[in-house]
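Numbers here simply count residues along the sequence, with the first being 1. Model, not experiment: these values are computed from the prediction.
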Amino acid sequence: NYVEKVLDPFMEKIDHIEDEELFKMLTSFYNISELYYEEIPMKYKGKLIQLKEGKTPKIKFKIMDILGE
């Protein structure tokens with residue numbers, strides 16, 4: 001349950017972060033999700049799909065990596 005306590009606030013504020021900092025946060029999310037999840041939970045997956053729209057290619061591709069697209 002500790003992972004969700006860290007990731008939930010992280011995902012709540014992810015919409016309002018500049019791209020360079022966002023890339024770092026997504027990289028951290030990717031590393032955490034690789035360790036703890038076989039599949040990304042829907043509550044995070046939906047947020048990532050929504051976030052992917054309208055972002056730079058660097059951010060889009062990182063989100064695609066996380067989602068396994």
Side-chain angles (χ1 to χ4, degrees):
N1 228 5
Y2 179 74
V3 174
E4 282 79 21
K5 288 181 182 179
V6 171
L7 291 181
D8 286 347
F10 168 86
M11 292 303 280
E12 285 177 15
K13 66 178 183 176
I14 202 165
D15 293 346
H16 309 290
I17 298 173
E18 297 296 322
D19 282 355
E20 203 54 45
E21 189 67 25
L22 178 58
F23 184 79
K24 293 175 189 176
M25 292 179 77
L26 288 170
T27 301
S28 297
F29 181 86
Y30 176 75
N31 292 331
I32 291 168
S33 65
E34 285 289 302
L35 291 171
Y36 292 101
Y37 299 119
E38 287 184 30
E39 186 174 326
I40 304 292
M42 279 306 297
K43 64 182 179 179
Y44 303 136
K45 192 179 280 189
K47 186 76 162 183
L48 291 169
I49 291 168
Q50 178 186 7
L51 184 65
K52 187 171 64 170
E53 301 304 316
K55 291 293 180 181
T56 63
K58 181 178 177 179
I59 300 298
K60 284 182 184 180
F61 290 133
K62 183 48 114 178
I63 294 172
M64 290 170 69
D65 285 343
I66 293 169
L67 297 174
E69 296 178 347

List the atom pairs, with distances to 0.1 Å, where a side-chain N or O of residues 3-14 and a protein N or O form a donor-acceptor pair under 3.5 Å, not counting sequence neighbours.
from, atom 1, to, atom 2, distance (Å)
E4, OE2, Y37, OH, 2.8
D8, OD1, K43, NZ, 3.4
D8, OD1, Y44, OH, 2.7

Is there a path of hydrophobic side-chain contacts, each under 4.5 Å between heavy atoms of I, L, V, M, F, W or Y residues, that connects L22 with F61?
no
Does the side chain of I63 reach to within under 4.5 Å of the side chain of E69, using non-hydrogen atoms?
no
Suppose we screen for side-chain contact (heavy atoms from CB on, under 4.5 Å). Which residues come up paired with I49, at least two apart in sequence or across chains?
K45, L67
Approximate separation, where rounding is to 0.5 Å, of Y30 OH and K62 NZ
6.5 Å
Any side-chain heavy-atom pair from L48 and L26 closer than 4.5 angstrom?
yes
Look at K58 together with E20 and state whether they make a salt bridge at an N to O cut-off of under 4.0 Å.
yes
Under 4.5 Å between side-chain heavy atoms, counting indirect links through other Ile/Leu/Val/Met/Phe/Trp/Tyr residues: same cluster for L35 and M25 or not?
yes
